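This report refers to the structure that appears directly beneath it.
Side-chain atoms are counted along with the backbone in the values below, which use heavy atoms only and exclude waters and symmetry mates. A quick note: this is a predicted structure, and the numbers were derived from the prediction, not measured.
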Amino acid sequence: MLASDRLFAVVALWLFLSFGTWIGTRTKSRAGRAAWIAAIVGILAARLAYVVENFTAFAVEPWTVLAFWQGGFTVWAGVVAAAVVVALLLGRQRATGGLLASLAALGLAHMGMTHWLAPSARPLPQGIVLAHMDGQPLPLDSLRGKPFALNLWATWCPPCRREMPMLIDVASGSKVPILLVNQHEGQAAITAFLKREKLAGSSIAVDPSGVLGEAVAAQAFPTTLFVDAGGQIRTIHAGEISRAALMAAIRDLERNPR
């Protein structure tokens, strides 16, 4: 399932290509072909800009540069690159202005829609008690006063299993606490999974009744919550998260703890 911002990006891309084809037909130009080339260059430029911005994270796992499904695109860079391609390919034609106008409009609409779709900060429900892997209680209220991140996962969830080694690695060196909260499974199943995958369990928390997931209305696993020092859920990332996105969200919490 695509996140809403990514879904809108796909729709915007489709509209741009459709508009390019329509302009090409109306003006008897190669606007349709130019739109396709501009779209491909724009996507690559947007990804490259995001990689450069988050080079430290990608340097650890270079192959994740190709993990497009995890998201991670700098929209303005893609729009600028696409505009340059359109201008170079079409030159001073009537089609050029129309295609550039549609690109600018869709770029602005995407940025506006992304801002509009971003959920407002809301309080993390109080009184939730998880457990450490050794069975000792872990009240989430004990973390209040400092920012932290919560990742909701399950051993049967493929994207959860893919991101788990990275999450444990980042959590081990993060100044902001990162808790990996298993949902609806017991310690035996979790221990077996960690042993099979040769993963450390120091960042794992147990929530066999799924209280946290129900309290925050998580729609699917994995879901990652970023909570500020005031106990407000600042950001929610639905689906598999990349190292770059995780570290960027953690940096934001460190810079703006409240």
Side-chain angles (χ1 to χ4, degrees), residues 1 3 47 50-51 54-72 128-140 142-143 146-216 218-227 235-254:
M1 182 175 66
R47 182 61 170 177
Y50 183 81
V51 170
N54 298 275
F55 179 76
T56 303
F58 285 104
V60 178
E61 298 173 320
W63 69 269
T64 58
V65 170
L66 302 177
F68 285 67
W69 63 89
Q70 293 181 342
I128 297 175
V129 180
L130 310 175
H132 291 286
M133 284 296 291
D134 61 6
Q136 293 298 311
L138 173 56
L140 284 185
S142 66
L143 297 176
K146 57 185 176 183
F148 58 94
L150 302 169
N151 175 268
L152 282 63
W153 68 286
T155 62
W156 49 262
C157 161
C160 300
R161 295 198 297 266
R162 282 197 301 268
E163 70 180 11
M164 189 57 55
M166 178 275 294
L167 287 169
I168 290 175
D169 181 48
V170 174
S172 67
S174 176
K175 295 179 181 179
V176 173
I178 301 174
L179 280 180
L180 313 178
V181 187
N182 181 275
Q183 298 290 283
H184 298 290
E185 294 181 288
Q187 292 182 0
I190 300 169
T191 300
F193 168 76
L194 295 175
K195 184 177 181 180
R196 183 172 65 251
E197 301 297 326
K198 298 179 181 179
L199 298 172
S202 56
S203 300
I204 305 296
V206 184
D207 183 14
S209 299
V211 174
L212 178 58
E214 293 178 7
V216 300
Q219 299 295 311
F221 301 142
T223 293
T224 308
L225 313 173
F226 298 92
V227 186
T235 309
I236 300 176
H237 183 99
E240 186 175 356
I241 191 168
S242 66
R243 182 183 293 264
L246 176 63
M247 293 178 67
I250 292 297
R251 284 197 304 271
D252 182 61
L253 285 177
E254 289 177 328

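- The shortest side-chain heavy-atom distance between L225 and L152 falls under the 4.5 Å cut-off.
- Contact of the I236 side chain with the V216 side chain is not registered, since no non-hydrogen atoms from C-beta on lie closer than 4.5 Å.
- The two atoms that bring P137 and V129 nearest to each other are CB-CG1, 4.1 Å, heavy atoms only.
- A distance of 12.0 Å separates CZ of R243 from CG of N54, quoted to the nearest 0.5 Å.
- Shown here for L130 and A205, the closest heavy-atom pair between the two residues is CD1-CB, 4.1 Å.
- Going from atom OG of S174 over to atom CG of L167 covers 11.0 Å, rounded to the nearest 0.5 Å.
- Of the inter-residue distances, the one linking Q183 atom CD with C157 atom SG reads 11.5 Å to the nearest 0.5 angstrom.
- Summarising the geometry of R47 relative to V65, their closest heavy-atom pair is NE-O, 2.9 Å, with the distance given to 0.1 Å.
- Between K175 and E254 there is no salt bridge, since no side-chain N of the basic residue sits under 4.0 Å from a carboxylate O of the acidic one.
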Any chance you could lay out the side-chain hydrogen bond (donor to acceptor under 3.5 Å, both in side chains) test for E185 and T155, step after step, and finish with the verdict? CA-CA 8 Å; E185 294 181 288; T155 62; 2.4 Å; yes
Set out, in order, the CA-CA distance, both residues' side-chain angles and the distance that settles side-chain contact (heavy atoms from CB on, under 4.5 Å) for M166 and V60, then state yes or no. CA-CA 10 Å; M166 178 275 294; V60 178; over 6 Å; no
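- Once rounded to the nearest 0.5 Å, the distance linking CZ of R251 with CG of L246 reads 10.0 Å.
- A heavy-atom distance below 4.5 Å is not found between the side chains of S202 and S172.
- For the pair L140 and V227, the minimum side-chain heavy-atom distance is 4.5 Å or more.
- To the nearest 0.5 Å, atom CG of residue L199 and atom CD1 of residue I190 are 12.5 Å apart.
- Using cut-offs of 30° and 60° on the angle between ring planes, the pair Y50 and F58 is perpendicular.
- Among D169, V181, L180, the one residue that satisfies the side-chain contact (heavy atoms from CB on, under 4.5 Å) test with S203 is L180.
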I would like to know whether L138 and L179 meet side-chain contact (heavy atoms from CB on, under 4.5 Å); could you show each step before the answer? CA-CA 11 Å; L138 173 56; L179 280 180; 3.8 Å; yes
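- Once rounded to the nearest 0.5 Å, the distance linking CD1 of I241 with OG1 of T224 reads 4.5 Å.
- In this structure, T64 contributes its side chain and A67 its backbone to no donor-acceptor pair below 3.5 Å.
- In this structure, the side chains of L253 and F148 stay at 4.5 Å or more apart for every pair of heavy atoms.
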